[in-house]
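The next block holds one structure in the form of structure tokens; read it before the comments.
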Amino acid sequence: MKKAEFKQPSALIISLIAFFAIASFGAYWTQSTNKSIINQQQSLLSGLSRTQASVLERRLSSAFTSAQILAYEVEQNGGNGEWFPTYANKLIESIGGIENLQLAPDGIISDIYPLKGNEDAIGFNVISTPGFKEEAMLSIRNHQMFVIGPINLVQGGVAVISRAPIFLNKGTQKELFWGFASAVIYLDDLLESTQLKRLESEGYQYNLSRKHAATKKTITLSNSLTPLSDIQASTELILPVGTWTLKISKALDEQLDDRRVTGYAVSFIASLLLSIALYAILIQPLKLRTLVKEKTAELQTLANKDPLTGLPNRRFLQDNLPKILQSNQRYKKVSAFIYFDLDNFKRINDTIGHDVGDQVLIIVGDRLNKLKGTSDLVARLGGDEFGIFLGSVSNEIQIEEHANRILQSIHAPIKMDNREYILSTSLGIAVIPEHGDDLVSIMQNADMALYQAKLQGKNQFSFYNENMKVNTHNLIKAENDLSLALQRNEFEIYYQPQFDLYTNHIFGAEALIRWNHPEKGLIFPNDFIPLAESTGQIVELGYWILESSIAYLARRRIENRADILLHINLASRQLADPHLVILVQELLEKYQVPAHQIGFEITETSILEDVHLARNLLQTFKDMGICIAIDDFGTGYSSLSQLKNLPVNLLKIDRSFVMDLECDPDDRKIVEAIIAMAHKLNIKVLAEGIETREQWKMLANFKCDLGQGYYVSKAVTMDEFNNGKPITHHDS
């Protein structure tokens with residue numbers, strides 16, 4: 001009996017010990033399970049953040065690179081922006097994801113493509129506007145692209161804007177900041193390309209941020225309505241403007257609390273079911289750890305694979321290609337990188353739909369996969385952009401053969417839903433290591449070759465070569481020559497006589513510059529004035545012409561020659577110089593030349609850049625006694641009605657209206673109307689380009705006052721002008 005009584009307390013004690021042991025283990029298991037769930041959630045969040053960051057990185061890298069491409073094109077064109085709308089249209093069509101592209105000379109937005117809906121942004125000052133100034137100045141100092149945003153655009157919408165600084169004469173002592181090239185991306189459009197909004201509806205939170213380039217403060221670009229929770233994962237987006245950060249989280253507090261209560265209850269019950277509960281508790285953590293490992297491996301695979309085509313993505317290429325290049329370099333293998341996209345693919349998405357576009361991309365990816373060799377790599381870089389790395393090639397002929405196979409494969413008709421689609425592609429090829437031995441330079445050179453292929457008409461391939469940079473080098477050489485020409489005094493003023501159509505008297509001349517180039521000989525203004533304007537050297541050159549012309553008038557007085565009226569051309573940049581009036585006054589005082597002996601010729605285009613400024617400036621000069629002439633009248637956008645508001649003494653009819661005067665009745669009507677209306681406004685008229693006696697007579701009959709042209713003389717040197725003969729006619 002005692003033995004039995006002993007067993008009962010012992011059994012009770014053992015049971016209690018087992019109960020508390022299993023209950024304690026159950027409590028530990030509950031905490032461990034929650035921790036495993038947190039780790040699992042952390043892994044899932046990490047995979048989600050990498051996947052979404054990869055999508056954002058592709059879109060943003062392409063869009064930001066477009067600003068750099070645009071900046072490079074501006075540098076190649078010497079700051080001339082006439083090509084901008086066409087080129088911007090090509091960029092937006094080929095890259096996609098860009099709302100608009102902008103050019104901002106001197107930091108002031110002057111060109112936007114597309115302009116419709118963005119008119120309010122014209123004239124916006126990127127540099128002087130508070131909030132943008134610090135980053136803009138830092139970008140100029142460091143020659144680096146920067147990004148601003150999120151900002152509320154003046155034309156509406158919230159966007160991020162990448163701005164690439166543009167320098168003319170880059171890398172030389174005459175380097176000149178031209179302005180900015182910008183790419184605008186609407187945040188809403190950017191986020192639509194991801195699954196962040198859908199994830200938010202499923203209870204996830206996100207935050208996309210960047211560092212301010214100047215202050216290093218964190219700027220939130222976009223975030224979910226609900227703040228981030230403690231369980232979160234972040235991925236850095238490596239972009240041309242720096243590193244951005246995407247964080248994704250999901251709140252599990254309520255779920256974990258519920259699991260904790262349930263776990264304790266289950267542990268209490270399970271403690272009564274000794275073996276079964278113990279077994280369940282022991283195997284549960286192992287199952288969870290196995291599940292986490294499987295999910296982690298699955299997400300790692302997804303992060304390096306394009307979800308649509310199944311091809312490796314840009315991230316995979318960035319992570320693995322450098323190692324392959326190092327290996328090829330070690331074994332002296334020749335390889336190549338082919339960078340290409342589908343010609344006019346955006347048209348399919350816009351007209352037929354993105355579903356069809358996605359199916360096309362899947363088919364293209366499958367075709368490319370079938371063409372690759374064992375050492376080759378095919379990757380989808382984003383949108384309709386693909387890259388093929390040819391791991392081992394013997395020569396360019398092999399590369400050309402592969403490129404032709406790609407062209408033929410892409411061009412083969414695609415049949416879907418009883419419809420047939422025919423595509424084409426343009427390929428840019430960089431040979432490795434000849435055209436670069438690192439991923440960045442290889443892709444840049446291949447991209448430059450791709451652009452060349454598109455310029456040549458698309459549906460073809462183009463190898464990168466150094467000649468693609470020749471234009472840039474030639475431009476730099478020409479800029480250096482122009483700068484040295486001023487220092488070496490290689491310029492000379494020529495004088496073209498201006499005459500009275502009724503008295504046959506030469507009353508003055510137009511001062512025209514010529515460049516005595518030491519290698520090329522005599523160069524006319526049309527061949528170097530545009531370069532001077534694009535580099536900003538037109539101001540210094542214009543002042544040299546101004547002083548040389550006034551000095552010539554002073555020399556004539558000393559030599560007791562007759563006074564003449566000398567017309568001097570002013571560039572638009574000179575009109576914007578606040579010191580112009582003072583400089584003219586100082587030169588007139590220095591050389592003791594009366595103001596009425598000089599005249600300023602300004603084109604219509606120069607006046608229209610800032611009518612208010614031009615009116616005030618010209619009125620000041622007219623009040624001094626200087627003759628004000630409108631040059632090349634009729635070729636710009638102004639009208640005679642505008643002249644009544646401008647202080648003008650003389651109107652110069654462009655030679656294009658005079659050259660066909662004898663055979664074109666329309667030109668005669670236009671010239672006669674201009675003369676009549678100008679006289680109504682008490683403005684004298686001078687006709688340019690008079691080459692025949694018949695033109696002289698007709699203009700005289702139209703009551704034209706003055707003339708200029710080869711009939712009397714072309715532009716001549718100072719000595720030839722000084723020794724000029726009186727005008728004689730040979731009427732039949």
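The structure displayed is predicted, hence computed values, not measured ones. Heads up: numbering here begins at 1 and tracks the sequence. The figures that follow rest on heavy atoms only: side chains count, while hydrogens, waters and symmetry mates do not.
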Verdict with supporting geometry, Phe316 and Leu311, side-chain contact (heavy atoms from CB on, under 4.5 Å): CA-CA 10 Å; Phe316 180 87; Leu311 296 173; over 6 Å; no
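- Using a distance-only test at 3.5 Å, with no hydrogens or angles considered, a donor-acceptor pair links the side chain of Asn395 to the main chain of Ile397.
- Minimum interatomic distance between Ile410 and Ser424 (heavy atoms only, all atoms of both residues): CG2-C, 4.2 Å.
- Distance alone, capped at 3.5 Å, is enough to place a donor-acceptor pair between the Ser249 side chain and the Ser229 backbone.
- In this structure, Gln52 contributes its side chain and Gln195 its backbone to a donor-acceptor pair below 3.5 Å.
- Here the side chain of Glu200 pairs a donor or acceptor atom with the backbone of Leu225 at under 3.5 angstrom.
- Without hydrogens or angle criteria, Asp447 side chain to Met443 main chain gives no donor-acceptor distance under 3.5 Å.
- In this structure, Glu236 places its CD atom where only 12 or fewer heavy-atom neighbours from other residues, nucleotides or ligands lie under 6.0 Å away.
- When only modelled atom types and interatomic distance are considered, Tyr206 and Ser222 share a side-chain donor-acceptor pair under 3.5 Å.
- Contact detail for Pro227 and Gln205: the closest heavy-atom pair is O-CG, 3.3 Å.
- Checked against a 6.0 Å centroid threshold, the rings of Tyr339 and Tyr464 do not count as neighbours.
- Side-chain contact between Phe463 and Asn465 is absent, with no heavy atoms from C-beta onward closer than 4.5 Å.
- Side-chain contact between Val147 and Trp244 is present, with at least one heavy-atom pair separated by less than 4.5 Å.
- Looking only at distances, no side-chain donor or acceptor of Ser409 sits under 3.5 Å from a matching main-chain atom of Arg405.
- Proximity of Ile422 to Pro413: side-chain heavy atoms (C-beta onward) are separated by under 4.5 Å at one or more points.
- Heavy-atom minimum distance, Phe180 versus Gly107: CD1-CA, 4.2 Å.
- From Phe177, atom CZ reaches atom CD1 of Ile140 across 3.5 Å, with rounding to the nearest 0.5 Å.
- With values rounded to the nearest 0.5 angstrom, Gln444 atom CD is found 8.5 Å from Asp438 atom CG.
- With respect to Tyr113, the side chain to side chain donor-acceptor pair (under 3.5 Å) criterion is satisfied by exactly one of Asn89, Thr86, Asn100: Asn89.
- What you find for Gln398 and Val393 is that their closest heavy atoms are OE1-CA, 3.2 Å.
- Ala121 approaches Ile112 most closely through the heavy-atom pair CB-CD1, 3.5 Å.
- With values rounded to the nearest 0.5 angstrom, Ile388 atom CD1 is found 4.5 Å from His402 atom NE2.
- Using modelled atom types, one side-chain atom of Asn445 and one backbone atom of His435 make a donor-acceptor pair closer than 3.5 Å.
- In this structure, Ser234 contributes its side chain and Leu246 its backbone to no donor-acceptor pair below 3.5 Å.
- Ring geometry, His143 versus Phe167: the interplanar angle falls under 30°, so the pair is classed parallel (tilted spans 30 to 60°).
- Under a cut-off of 6.0 angstrom, the local environment of NZ in Lys372 is crowded, with over 12 non-hydrogen atoms contributed by other residues, nucleotides or ligands.
- The closest side-chain heavy-atom distance from Gln40 to Leu44 is below 4.5 Å.
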Audit row: Leu138, Phe146, side-chain contact (heavy atoms from CB on, under 4.5 Å) steps and yes/no: CA-CA 9 Å; Leu138 185 63; Phe146 72 105; over 6 Å; no
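- For the residue pair Gln76/Tyr72, the side-chain donor-acceptor check at 3.5 Å is satisfied.
- For Ser54 and Arg50, the side-chain atoms include no donor-acceptor pair closer than 3.5 Å.
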Yes or no on side-chain contact (heavy atoms from CB on, under 4.5 Å) for Phe84 and Asn77, after CA distance, side-chain angles and deciding distance? CA-CA 10 Å; Phe84 171 72; Asn77 284 274; over 6 Å; no
Apply the test side-chain contact (heavy atoms from CB on, under 4.5 Å) to residues Leu381 and Asp341: give CA-CA distance (whole Å), side-chain angles for both, the deciding distance (0.1 Å), then the verdict. CA-CA 10 Å; Leu381 304 178; Asp341 58 19; over 6 Å; no
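- Among all heavy-atom pairs drawn from Ala403 and Phe461, the shortest one is CB-CD2, 3.6 Å.
- No side-chain heavy atom of Ser209 sits less than 4.5 Å from a side-chain heavy atom of Asn223.
- With a 4.5 Å cut-off on side-chain heavy atoms, Leu427 and Gln460 do not count as touching.
- Interatomic distance, OG of Ser49 versus CG of Leu199, reported as 10.5 Å (0.5 Å rounding).
- To the nearest 0.5 Å, atoms CD1 (Ile406) and CG (Leu371) are separated by 6.5 Å.
- Remark: side-chain polar atoms of Asp376 are paired, donor with acceptor, to backbone N or O of Gly391 under 3.5 angstrom.
- Phe389 has its side chain within reach of Ile432: a pair of non-hydrogen atoms, C-beta onward, lies under 4.5 Å apart.
- The distance from atom CZ of Arg315 to atom CD1 of Ile238, rounded to the nearest 0.5 Å, is 6.5 Å.
- The residues Arg58 and Glu385 are annotated as not salt-bridged, no charged nitrogen and carboxylate oxygen being separated by less than 4.0 angstrom.
- You'll find the side chain of Ile363 stays beyond 4.5 Å of the side chain of Val360, heavy atoms only.
- Applying the 6.0 Å contact sphere to CD of Glu82 captures no more than 12 heavy atoms from other residues, nucleotides or ligands.
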